[in-house]
2 protein chains.
Amino acid sequence: MEKGGKLFHPGLSLDCVIFGFHDNQLKVLLLKMEHTDHWALPGGFVYKDETLEAAATRVLQERTGINDIFLQQFHVFGDPARSDRKYHSNRLKKLGIEAEKDHWLLNRFITVGFYALVEFSHVTPTPDNTSVACEWQHLHNIGNLFMDHRQILGKALETLRQQLNYQPIGYKLLPDKFTMPELQTLYETILGKKLDRRNFQRRMNSYGILRRLKETRKGGAHKAPYLYSFNLRKYQQALLEGLQGGW
Amino acid sequence: MEKGGKLFHPGLSLDCVIFGFHDNQLKVLLLKMEHTDHWALPGGFVYKDETLEAAATRVLQERTGINDIFLQQFHVFGDPARSDRKYHSNRLKKLGIEAEKDHWLLNRFITVGFYALVEFSHVTPTPDNTSVACEWQHLHNIGNLFMDHRQILGKALETLRQQLNYQPIGYKLLPDKFTMPELQTLYETILGKKLDRRNFQRRMNSYGILRRLKETRKGGAHKAPYLYSFNLRKYQQALLEGLQGGW
DNA sequence: TTTCATTGCGTCGTTATGACACAATGATAA
DNA sequence: TTATCATTGTGTCATAACGACGCAATGAAA
């Protein structure tokens, strides 16, 4: 906190939108802030000799426990008015740090937005030293967000939608074995619209990127759907050209 | 040069890839650097109270003379090794500025890449104070580029390709009146592949975003092609959904 | 006046798409 | 044990879109 000015690249931060999929819902990992009902995206600063990607990877490792994480830079947020200097100066005061006017945290910050795709069950949510909790929240039921984090989240989702045919989004978000309805719900959530069940299945199968397993998912009421897994080699090859047809 | 440290956001720059279309070729506006055969993307720094977009707009205005320019942020380049500190320290020496070790220009810089689309004939190329010339270069015949500018250009082109169905790329790059073969060549250059002339025309017409004029383009050898202009209202409406089918 | 590359418009067979029908499944309730 | 019923697997069908290609019209240059 005191040495940050010497350690970090000045006026630069990053924020991560961490997506997970569970209970047939797209979720985002958020940090609950102290003394308010506000939530924040996991973020951090960039060491002076660190790449942006390394910094993001480090932050993501700390919040999720996952080392090898899929992430993509998607936008820079640089509005001069985006910083909440009052928050930082209050926080410094509480920490007993004399908040000189030119304290490194009180300057303007540009932030680089990253989105990350993780397998929900592999994550161990871990708060950082500015937060009191780290929890998954349903994408469509998110409370008050800090600063411009709502805007950052929105842009991340928009990017996810655009890259659906070019990034291994299903592969990174779903567990090894999943059902066709689960995959479809994921697509529907990201796209924000309903898709026809039968046409979805036909198209997905036509790509040749799925392997249908002998097993079915027992346990739910009604007919047990087959389990699928990705044929990773073919998936990646198909993504190079983009999944044809689009959604 | 001396006061930059106080005026600008520290360790932050931006670089612009300015695309234009002329002589049936996609071109990029570059700056010729002094004393070398290297070229550089037009770039600049961000004032402490300026948005990134405003800074890019300012830079673009200075290099092209155009005020109302179309630009899009596309990527941040943050490799710690990307800066060429030797270049800056030499330059400072030549300018007679004592290059203290902690001179603001000698620190690590993160740069935000913007691409801009301009109507070629509206541009008045103007060098900045670090360059001896400002010229259009053919996209496929570009000389040595400074630092990581080749990589930045590559990423810009990749982004352009991805956004072809979502941004008014034809509208921003072509003059008010243009022929179908010109539009097709633009698409072919961006996509990097040949398209069937007749199918291209059919698809373009089916979008309903073009208005065929009564005039033809006389002067070239062979049959005179019709001139077209964009129906801007319909174009923009179609872009919201993305031009269907893709290329 | 002829030549010829280019342009405008159209054809044709195939494939992809959207909308929908129907039987099979399997946990739950009767 | 049997009936129920939402859900799943598979298929059909008419239409639209697509890729490949043919051919006549044009207009500057030979």
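Letters A, B, ... mirror the listed sequences (proteins, then strands); counts begin at 1.
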| So what does B/Q201 touch, heavy atoms closer than 4.0 Å: a base, only the sugar-phosphate, or nothing? | sugar-phosphate
| B/R202 has a side chain; which of D/dA6, C/dT28, D/dA20 sits nearest to it? | D/dA20
| note | B/K223 has its side chain closest, among D/dA29, C/dA19, C/dG8, to C/dG8
| Closest to side chain of A/K218, choosing from D/dC21, C/dA27, D/dG9 | C/dA27
| said: Measuring centre to centre across the rings, with the benzene-like ring taken for any Trp, is A/F178 within less than 6.0 Å of A/F230? | reply: yes
| said: Students often get this wrong, so: under 4.0 angstrom with heavy atoms, is B/R212 touching a base, only sugar-phosphate, or nothing? | reply: sugar-phosphate
| Can you check whether A/F77 reaches A/R82 side chain to side chain, under 4.5 Å on heavy atoms? | yes
| task | Supply the atom-to-atom distance B/L29 CG to B/E135 CD, rounded to the nearest 0.5 angstrom. | result | 9.0 Å
| query | Quick one: the side chain of A/R198 and the base of C/dG18, do they pair up donor-acceptor inside 3.5 Å? | reply | no
| remark: Rounded to 10°, the angle between the first-five-pair and last-five-pair axes of the helix from C/dT1-D/dA30 to C/dA30-D/dT1 is 0°
| message | Before you tell me yes or no, could you show the steps for B/K172 and B/E119 under salt bridge (Lys or Arg N to Asp or Glu O under 4.0 Å), namely the whole-Å CA-CA distance, both residues' side-chain angles and the distance that decides it to 0.1 Å? | response | CA-CA 6 Å; B/K172 296 293 178 181; B/E119 208 175 306; over 6 Å; no
| query | Does any donor-acceptor pair link the side chain of A/R197 with the base of C/dA19 at a separation under 3.5 Å? | reply | no
